[in-house]
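Notes to accompany the following structure.
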Amino acid sequence: MTRRRQGRGPSARLPVAALAIALLAGALLLTRLSGTAPADSGTPAEDSDAVGFSRDMAVHHQQAVEMSLSVLRHGTSPEVRTLAYDIANTQAAQRGMMLGWLRLWGRTATTSGPPMRWMDMPPTSAEDRRRGVLMPGMASRADLSALAAARGHRADALYLRLMITHHRGGVHMAEAVTADGTPQAVLRMAREMVRSQRTEIDLMKDIAERLGGAEHARTG
Amino acid sequence: MSQDQRQHAPVPAGDDDARRARLDELRRQDALRARRGRRLRTGATAGGVLAAVAVVLGLVASMHGRPAQDPDDASGIDPDRVNVRGERVYEDLERDHVKGEVDYPADVRPPVGGRHDPQWQNANGDVYTRPLREENAVHSLEHGTVWVTYSTDLPQAEVEELRAKVAGVPYRMMSPLPGQESPVRLTAWGHQLSVDSAADPRVDAFFDAYVQGPQAPEQGAPVTGGKATP
């Protein structure tokens, strides 16, 4: 065996190596010529995680931006304002990226079909839909009005309560994205969302506790 | 020495002929083995080449078999053309902000674009029960809204059907429009569809095409934080 291996080695490996190089060169050339990136660049299907997630999360994020801008107008706590400033910017940018992906994939930004179908969740009830609660964790229109009307510490506290729930729903949705056929950029963003929103949930709980304690000390 | 040779029986000493015959036999076997090895190698190489050719051909075929990769065309929504059967398309609409009233063309109601108020009408799934000021509503169209208007003659059941499609859904809004000739009209920036009934399947098709669609001159712009009442 050893001798055979020694004897065949160099002469046998040469054509294989040459073949591999030729193949690689050929593939690269083809890629360059056709202007198509290899693998991964396929357009996700209409019912894929990538398309469903991008559509639904763009809507979900839009509400987070709206709530954050609301508390930036009327809130008091510097900590809450910093967080809201962060969330508004981050989620507005991420929403733009998701809508951009949809455009590049040739998919419409929205569909009249029920949301969350891609993640096997039951469709929103007609009642929830009417209230504006289209997806997990979303605030109702009444909640949004209450937030817009609240001032000072009440606005801070309500924002934290609504945004903790909102983030929990967002994490749940982002966790539903499977690696199966999902472009890397989408998968990466979903994973990052899970991580950063979890961290922010902890932060918000912490702030809420402190603000609650301070409020209690002031009034009581 | 190698395992190969150790597999052969030891060469008996003393008998020259027998030893020569045994050596010849060994050489013959070596030659055979070498030939077999060459054959195997040639076979492997030929197989490899064939496989490579197959892979390359497959690659070429898959690339040519794929439809032309122009992502902008893939959704089939071309902002400058008819995308929903029966809709009307308008081009070269002005976009300036103006404080006062705008004289929108009388033959296109509600207006599908043009100069508008600096403040947009909220269209975050807002259902208005009174007619909207057009100067504000047009600004929402610019942000990617589909605006549903209905004739005041429309039966209440149909109004409810429309409401169910609009209420709470971002970038959709609805309002009555007294004197509107057709019962229901859907308007996006530069696009308008008139239907006789809320149940017309083209209603959903129009929403799908234009809610935050490519026709919007300001994509990503908000439909909250604007004018909240008619």
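Here is how names work: the chains are called A, B, and so on, in the same order as the sequence lines, proteins then strands, and each is numbered from 1.
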In a table with atom names and distances, give each donor-acceptor pair under 3.5 Å that connects a side chain of residues 154-161 of chain B to protein atoms at least two apart or in another chain.
from	atom 1	to	atom 2	distance (Å)
B/Gln156	NE2	B/Glu160	OE2	3.4
B/Glu158	OE1	B/Ala198	N	2.7

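Residue pairs satisfying the salt bridge (Lys or Arg N to Asp or Glu O under 4.0 Å) criterion with at least one member in residues 162-176 of chain A, sequence neighbours excluded, are listed as follows: A/Glu175-A/Arg198. Annotation: salt bridge (Lys or Arg N to Asp or Glu O under 4.0 Å) contacts involving residues 182-194 of chain A, sequence neighbours excluded, comprise A/Glu192-A/Arg195.
Against chain B, the residues from residues 122-157 of chain A that qualify, each with a non-hydrogen atom under 4.5 angstrom away, are A/Arg129, A/Arg130, A/Gly132, A/Leu134, A/Arg141 in number order.
In this structure, B/Gln212 and A/Leu99 have side chains that are in contact, with non-hydrogen atoms separated by less than 4.5 Å.
Within the 4.5 angstrom heavy-atom criterion, no atom of B/Asn83 approaches chain A. Contact annotation for B/Tyr171: only side-chain heavy atoms (C-beta onward) come within less than 4.5 Å of a heavy atom of chain A. Looking at B/Val223, only its side chain comes within 4.5 Å of chain A, counting heavy atoms on both sides.
Other residues, nucleotides and ligands place no more than 12 heavy atoms under 6.0 Å from the CG atom of A/Asp180.
Distance CD1/B/Ile77 to CZ/A/Arg103: 10.0 Å, rounded to 0.5 Å.
Your options are A/Arg73, A/Gln63, A/Gln62, and the one with the most heavy-atom pairs under 4.5 Å with chain B is A/Gln62.
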